[in-house]
Amino acid sequence: MSSAVVGTFSASKQIGFKEKDEKNKKLVDDDVEANNNGDDEHNDDDDDDSKVKSDKELDLGPQFSLKEQLEKDKDDESLRRWKEQLLGSVDMSSVVGESKEPEVTILSLSILCPGRPDILLSIPFASKPKSSLFMLKEGSKYRLKFTFNVSNNIVSGLKYTNTVWKTGVRVDNTKLMLGTFSPQKEPYTYELEEETTPSGMFARGSYSARTKFVDDDGKVYLDVSYHFEIQKNWPSRS
């Protein structure tokens with residue numbers, strides 16, 4: 001069973017393009033600015049990146065490899081027990097050498113819809129520029145699931161962000177703290193709570209999106225842009 005050092009494997013969101021829920025750890029910007037130039041769609045997301053970088057200019061001191069962390073203060077019984085509780089069952093086979101940098105590999109993103117085959121989006125995405133990667137029916141229930149591997153060292157504060165635009169207008173900006181994870185051989189699986197796609201004539205059409213996974217140090221493990229559609233009906237099954 002996958003073990004998270006810090007954080008819980010749960011997140012709720014009423015709908016991808018609705019009001020923000022203050023009880024959740026994700027943040028949805030309610031300040032949507034119209035921008036009809038498609039080339040500038042990602043500027044707002046880049047501004048968020050610069051804020052993260054400025055926050056990381058603080059010197060947090062020397063970084064230690066996972067093996068160094070486990071060996072340090074090993075004669076102190078209370079510290080040893082605290083580390084065991086914090087780290088859980090670390091798979092040392094996933095720790096390569098004395099690397100101080102964690103490595104996170106996003107394996108897949110999936111969209112789960114009741115009564116429909118799972119939409120598996122393998123990494124890297126296999127789609128042509130401007131073509132839709134997938135299509136969803138308006139007003140349909142769905143949930144997101146992704147799998148990832150952690151190796152070398154503990155990854156602290158792994159975050160998932162997803163920004164969506166329609167005709168140049170940002171309609172959703174989700175930021176979700178996933179937690180802190182220790183290295184292990186088996187991949188982690190993270191599944192979000194159920195959501196509902198928007199519906200109505202103005203909700204249908206093509207959307208562009210940008211998905212990122214980044215840690216507390218500002219290290220980006222995945223940054224992908226793609227297009228998808230919301231239509232009145234599901235596509236016919238082949």
Side-chain angles (χ1 to χ4, degrees), residues 1-11 25-26 45 48-49 52-53 55-74 76 79-112 118-126 133 143-162 174-192 209-226:
M1 179 180 293
S2 299
S3 60
V5 178
V6 178
T8 57
F9 276 53
S10 64
K25 291 183 179 179
K26 71 138 182 114
D45 208 37
D48 292 339
D49 292 343
V52 172
K53 291 178 181 178
D55 291 340
K56 295 306 171 185
E57 291 178 356
L58 177 66
D59 185 6
L60 299 179
Q63 190 176 26
F64 297 96
S65 69
L66 185 56
K67 289 183 178 179
E68 289 172 334
Q69 293 181 51
L70 293 174
E71 289 293 323
K72 192 177 181 182
D73 303 318
K74 64 179 180 180
D76 189 316
L79 278 176
R80 184 184 63 80
R81 290 181 178 178
W82 177 78
K83 288 179 182 180
E84 288 178 354
Q85 183 179 8
L86 177 66
L87 298 175
S89 54
V90 176
D91 185 354
M92 295 307 295
S93 65
S94 299
V95 181
V96 180
E98 298 296 327
S99 175
K100 294 182 175 66
E101 293 291 333
E103 187 60 41
V104 178
T105 303
I106 311 300
L107 303 176
S108 67
L109 304 175
S110 301
I111 303 173
L112 315 181
D118 294 350
I119 302 174
L120 178 62
L121 309 176
S122 299
I123 307 297
F125 293 157
L133 190 61
R143 67 175 67 229
L144 298 177
K145 182 178 77 172
F146 34 85
T147 59
F148 57 94
N149 276 330
V150 177
S151 58
N152 295 351
N153 208 335
I154 300 169
V155 58
S156 175
L158 185 63
K159 292 180 285 291
Y160 159 82
T161 69
N162 189 59
T174 299
K175 299 178 183 180
L176 179 65
M177 173 62 70
L178 304 182
T180 297
F181 303 90
S182 58
Q184 65 177 33
K185 186 173 295 184
E186 295 77 18
Y188 287 95
T189 298
Y190 198 110
E191 189 169 317
L192 276 63
R210 184 181 184 185
T211 297
K212 295 177 64 176
F213 288 84
V214 60
D215 66 15
D216 267 350
D217 294 322
K219 184 176 180 180
V220 178
Y221 299 101
L222 182 69
D223 185 352
V224 291
S225 299
Y226 55 95

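Reckoned from all heavy atoms, side chains included, excluding hydrogens, waters and symmetry mates. The model shown is predicted, which means the values in this text are computed figures rather than measured ones. All residue numbers in this chain count up from 1 along the given sequence.
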**OP:** Take T161 and T174 through the test side chain to side chain contact (heavy atoms under 4.5 Å, CB included) and record every step on the way to the result.
**Re:** CA-CA 5 Å; T161 69; T174 299; over 6 Å; no
Subject >> F148 vs L222, side chain to side chain contact (heavy atoms under 4.5 Å, CB included): CA-CA, chis, key distance, verdict >> reply: CA-CA 11 Å; F148 57 94; L222 182 69; over 6 Å; no
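Shown here are the side chain to side chain donor-acceptor pair (under 3.5 Å) partners of T211, two or more places apart in sequence or in another chain: N162, Y226. Every residue was checked against the side chain to side chain donor-acceptor pair (under 3.5 Å) condition with T105, not counting sequence neighbours, and none meets it. Take Y221 and apply the ring-ring contact (aromatic ring centres under 6.0 Å, His included) test, not counting sequence neighbours, and it matches no residue.
Checked by atom type and distance alone, the side chain of R143 pairs as donor or acceptor with a backbone atom of L192 at under 3.5 Å. Here the side chain of K219 pairs a donor or acceptor atom with the backbone of P102 at under 3.5 angstrom.
Taking 4.5 Å as the limit, every side-chain heavy atom of V224 sits out of range of all side-chain heavy atoms of P124.
Separation of atoms CG (L144) and CD1 (I111) is listed at 6.0 Å; rounding is to 0.5 Å. Atoms CD and OG, on E191 and S110 in that order, are 9.0 Å from each other to the nearest 0.5 Å. Once rounded to the nearest 0.5 Å, the distance linking CG of N149 with CD of E186 reads 9.0 Å.
Tested against F146 for a side chain to side chain contact (heavy atoms under 4.5 Å, CB included), the candidates I123, L121, T189, L109 yield a single pass: L109.
Between F181 and Y188, the distance from one ring center to the other falls under 6.0 angstrom.
Contact detail for P183 and S151: the closest heavy-atom pair is CB-CA, 4.0 Å. A pairwise comparison of heavy atoms in D223 and K212 identifies OD1-CG, 3.5 Å as the closest pair.
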